[in-house]
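For reference, the structure discussed in these notes is given below.
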Amino acid sequence: PPYVYERPLPGQGIHDNGGALHWYTCPVNGARYLKVYPDGSLVDGNSLWRARASWAIWVGPGHPANHAGDVTTPCSFRAELVAILEIIKRATVPVAIMGDCQGALHIFQRLSDAGNPLREADGMNKHDDADIIRLIAKIIQESPDDHFRCQWVPSHLTDPPTGNIRKDREREVGLQQ
């Protein structure tokens, strides 16, 4: 079923509340972006009856825009896209989306870089999640230029070292971001 777009409630906007927030300064233009972390998850994905997916966004400790919800179609990728959509629809300040799903971030970056995000989204109309992609494109098109950035960060940063050199290096770099 298509995703139902709902505007955030008053007070759920992503803003600088003076709390312990994380900021990113762009090395190219010096602009500051509030770091926001999306996540999508899938539980019991192999079960036709018990499979369920959810999304979450985290801005900072106790921030009113920290939010989570369910996804009607049980798919972790769709949940990641919904989390990104929920971030950009709440962004009242420039945000840096710090996500661990490379595929979702790639789509977001393609839409952000496009001269016409809606036309770019139309080129993805056969994608299973075209309804969400189109909503993301619409918000990008209606937002100020350079209002959003995205950056991939490795997931599971609090897991203990594995002994796998590449994974441990990704974890080490991710903890420094």
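Throughout, residue positions are numbered sequentially from 1 according to the sequence presented. These values consider heavy atoms only, across backbone and side chains, with no hydrogens, waters or symmetry-generated copies.
- Classified by interplanar angle (parallel below 30°, tilted 30° to 60°, perpendicular above 60°), the ring pair Tyr37/His22 is perpendicular.
- In this structure, His106 contributes its side chain and Cys101 its backbone to no donor-acceptor pair below 3.5 Å.
- To the nearest 0.5 Å, atoms CZ (Arg78) and OG1 (Thr73) are separated by 4.5 Å.
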Just list the side-chain donor-acceptor pairs under 3.5 Å for residues 118-125, sequence neighbours left out, or say none.
unit_1 : atom_1 : unit_2 : atom_2 : d
Glu120 : OE2    : Arg110 : NE     : 3.0
Glu120 : OE2    : Arg110 : NH2    : 2.6
Asp122 : OD1    : Arg134 : NH1    : 2.7

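- With values rounded to the nearest 0.5 angstrom, Leu111 atom CG is found 8.5 Å from Ile88 atom CD1.
- Heavy-atom neighbours of Asp113 CG from other residues, nucleotides or ligands within 6.0 Å: above the threshold of 12.
- A continuous path of Ile, Leu, Val, Met, Phe, Trp and Tyr side chains, each step under 4.5 Å between heavy atoms, connects Val93 with Leu85, placing both in one hydrophobic cluster.
- Expressed to the nearest 0.5 Å, how far CZ of Arg52 lies from SG of Cys75 amounts to 15.5 Å.
- The main-chain N or O of Asp146 is found under 3.5 Å from a side-chain atom of Tyr33 such that the two form a donor-acceptor pair.
- The CG atom of Leu105 sits 9.5 Å away from atom CE of Met98, with the distance rounded to the nearest 0.5 Å.
- In this structure, Asn66 contributes its side chain and Pro61 its backbone to no donor-acceptor pair below 3.5 Å.
- With hydrogens and angles disregarded, a donor-acceptor distance shorter than 3.5 Å links the side chain of Thr92 to the backbone of Ile14.
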